[in-house]
Amino acid sequence: GWPESPTWKADIRVLLLENIHPLATKILQTEGYQVETLSGALTPEQLIPKLKGVHVLGVRSKTSLPAEIFQGADELPGAYRSDGGGGPLD
């Protein structure tokens, strides 16, 4: 389960790609999460090192998420595609 401390959210890292709506960033930051946003898509090769220590990944349709990108994602339980389209999530 999640730690009982009220500061546990500050330890959660969120990576949002492809211009996820700024309101999502604002809400997550207001709630205390660490949020990094990138305006464009990343290739799987670019994404692999970015996922180290990330707990939440938000992407849109241009980011490909093949299974191998999750092998080094030590803290990432899964990913969310905000537009419901694009390629599959492996």
* To do: Report yes or no: does R60 contribute a side-chain atom to a donor-acceptor pair with the main-chain N or O of A41 at less than 3.5 Å?
  => no
* Any side-chain heavy atom of V59 within less than 4.5 Å of one from L42? -> no
* Student check: side-chain heavy atoms of L57 and T63 closer than 4.5 Å -> no
* Asked: Would a hydrophobic clustering, with Ile, Leu, Val, Met, Phe, Trp and Tyr connected at side-chain separations under 4.5 Å, put W8 with L28?
  -> yes
* Structure fact -> Exactly one candidate in I20, V56, T25 meets side-chain contact (heavy atoms from CB on, under 4.5 Å) with V14; the answer is V56
* Separation between CD1 of I69 and CD of Q46, rounded to the nearest 0.5 Å -> 12.0 Å
* Is there a side-chain contact between L17 and K50 (heavy atoms, below 4.5 Å)? -> no
* To do: Measure across S64 and L47 and return the closest heavy-atom pair with its distance rounded to 0.1 Å.
  => O-CD2, 4.5 Å
* **Rounded distance (nearest 0.5 Å) linking atom CD1 of I27 with atom NE2 of H21** => 9.5 Å
* **Whether N19 side chain and S39 backbone form a donor-acceptor pair below 3.5 Å** => yes
* Sub-3.5 Å donor-acceptor pair from the side chain of E75 to the main-chain atoms of V54, do we have one? -> no
* Structure fact -> Heavy-atom closest pair (H55 atom, I12 atom, distance to 0.1 Å) is ND1-CA, 3.6 Å
* At what distance, to the nearest 0.5 angstrom, does CD of E45 lie from CD of E68? -> 8.0 Å
* Decide yes or no for L15 and L38: does some side-chain heavy atom of the first lie under 4.5 Å from some side-chain heavy atom of the second? => yes
* Asked: If you round to the nearest 0.5 Å, how far is CZ of F70 from CD1 of I48?
  -> 10.5 Å
